[in-house]
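Protein chains get the first letters and strands the later ones, always in sequence-line order, with residue 1 at the start of each. Just so it is clear, the model here is predicted, and its values are computed rather than measured.
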There are 2 protein chains.
Amino acid sequence: MNAKPADPSAPLADTVANCLPAELLADPLFLLVRVGVAIKSGAVEEFERTGFGPYHHSVLALLDEGARDTQAAIADALQFDRGTLVGLLDDLEQHGLVERRRDPSDRRRHVVSLTPAGRRQLAEFRTIITSLDDQFLAPLDDRERTTLLALLSKIATHYDPRFSRGGEIAATV
Amino acid sequence: MNAKPADPSAPLADTVANCLPAELLADPLFLLVRVGVAIKSGAVEEFERTGFGPYHHSVLALLDEGARDTQAAIADALQFDRGTLVGLLDDLEQHGLVERRRDPSDRRRHVVSLTPAGRRQLAEFRTIITSLDDQFLAPLDDRERTTLLALLSKIATHYDPRFSRGGEIAATV
DNA sequence: TATTGTTATACTCTATAACTATA
DNA sequence: TATAGTTATAGAGTATAACAATA
């Protein structure tokens with residue numbers, strides 16, 4: 001709707017007058033959504049100069065961890081729909097960052113793999129992520145960042161167990 | 001892209017195999033965006049039966065706090081663009097929840113005010129918000145919720161001072 | 001000429017589902 | 001008949017900017 005940061009040159013009086021209702025500012029869910037939107041658009045902006053977006057990073061990051069390599073498995077793991085993934089892989093393949101080859105044992109499947117150029121691009125994506133982290137989490141020290149991650153992880157996992165980080169689910173098996 | 005929660009009837013093995021890359025799950029920003037998207041669509045869904053959405057709640061909540069009552073002031077405070085606000089106010093006015101009347105001292109301006117019906121609707125919106133809070137924050141105790149709010153508030157305010165809750169800015173004046 | 005509110009337009013995302021080639 | 005990948009289409013949401021009325 002309107003996610004631009006405040007104009008830093010605006011007089012302070014305006015800034016104060018334009019502040020959001022206390023009722024909303026007191027709601028963690030409201031802030032979560034607003035901050036999430038801001039981060040998302042900040043990320044898109046930061047990735048822009050690479051010609052890719054955050055979703056491309058997600059795909060490369062997944063491939064780098066091995067295990068999931070057919071398009072269906074990748075899409076399911078990242079919770080992308082398969083049609084969307086096709087477009088992302090087209091982009092990546094066109095720039096030689098991934099390869100698609102047919103699975104000889106089931107010729108419907110495409111097995112996707114990272115190329116050396118893909119690994120290099122992934123490294124660059126990671127520096128962008130790091131800079132985004134520093135940018136948005138600047139006001140938090142390390143301990144606070146860890147706490148935030150733990151809280152968000154709890155919320156996410158409760159919403160959908162697929163957000164679980166190892167341990168928890170395995171422990172219940 | 002795909003914000004549906006996991007199918008609870010899916011076998012656990014699938015759930016584990018489909019989990020997201022550790023690299024992403026370890027990034028607070030990634031979780032923030034994903035959780036934000038989930039909350040947003042959850043909110044839209046919960047509000048649906050009222051015939052309104054979360055944005056309508058924001059408008060009523062602001063009006064209930066007084067002070068900002070012209071359309072430009074409302075839009076600026078909520079960080080909506082003015083064109084979007086027109087549509088929201090149309091919806092609210094059509095249902096008798098707000099009134100628009102021309103400002104006699106500047107006939108370009110519309111002064112917007114809550115009606116009694118609007119106040120009642122706001123009360124209903126608040127129960128929806130409470131239930132959303134409980135739904136998404138269920139795994140957090142009160143202390144954790146307070147911590148989360150404080151951390152998000154820091155991040156938001158650093159990104160844009162208009163997210164500040166009273167105190168901080170006033171203190172710097 | 002600038003501002004308030006309004007309307008119309010265009011563009012981006014994304015969700016759906018039709019389609020092909022294999023199994 | 002069902003599945004993997006692909007493509008096309010349509011719809012929601014949003015950003016842009018043109019517009020009429022006041023100042």
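The separation between Asp103(A) atom CG and dA4(D) atom P is 12 Å, rounded to whole Å. Separating the CZ atom of Phe80(A) from the P atom of dA15(C) is a distance of 11 Å, rounded to the nearest angstrom. Straight-line distance from the CG atom of Leu88(B) to the P atom of dG5(C): 14 Å, rounded to whole Å. Straight-line distance from the CG atom of Asp81(A) to the P atom of dA17(C): 12 Å, rounded to whole Å. The nearest whole Å value for the distance from the CD1 atom in Ile74(B) to the C1' atom in dG5(C) is 12 Å. If you measure from atom CZ of Arg107(B) to atom C1' of dA21(D), you get 9 Å, rounded to the nearest angstrom. Between the C1' atom of dA21(D) and the NE2 atom of His110(B) lies a distance of 10 Å, rounded to the nearest Å. Distance Leu85(A) CG to dT14(C) P: 14 Å, rounded to the nearest Å.
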Problem set entry | Test log, rule salt bridge (Lys or Arg N to Asp or Glu O under 4.0 Å), inputs Arg126(A) and Asp64(A) | CA-CA 12 Å; Arg126(A) 284 177 177 147; Asp64(A) 191 50; 3.1 Å; yes

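Taking the centre of each ring, Phe52(A) and His95(A) come in below the 6.0 Å mark.
Listed candidates were dT6(C), dT14(D), dT7(D). Nearest to the side chain of Gln71(B) is dT6(C). Among the nucleotides dA4(D), dT14(C), dT16(D), the one closest to the side chain of Arg109(A) is dA4(D). Here dT6(D) is the nucleotide among dA23(D), dG5(C), dT6(D) with the atom lying nearest to any side-chain atom of Val86(A).
Atom CD of Glu99(B) has 12 or fewer neighbouring heavy atoms from other residues, nucleotides or ligands inside a 6.0 Å radius.
Ranked by how close their nearest DNA chain C nucleotide is to the 5' end, Ala72(B) and Val44(A) are led by Ala72(B). Judged by closest nucleotide on DNA chain D, Arg108(A) is the one of Asp106(B) and Arg108(A) placed further toward the 5' end.
The phosphate of dA4(D) has OP1 or OP2 within less than 4.0 Å of a side-chain N or O from Arg82(A). The phosphate of dT6(D) (OP1 or OP2) has a side-chain N or O of Arg100(A) nearer than 4.0 angstrom.
Checked by atom type, the side-chain pair Arg109(B)/Gln71(B) shows no donor-acceptor distance below 3.5 Å.
The main-chain N or O of Leu132(B) is never found under 3.5 Å from a side-chain atom of Glu46(B) such that the two would form a donor-acceptor pair.
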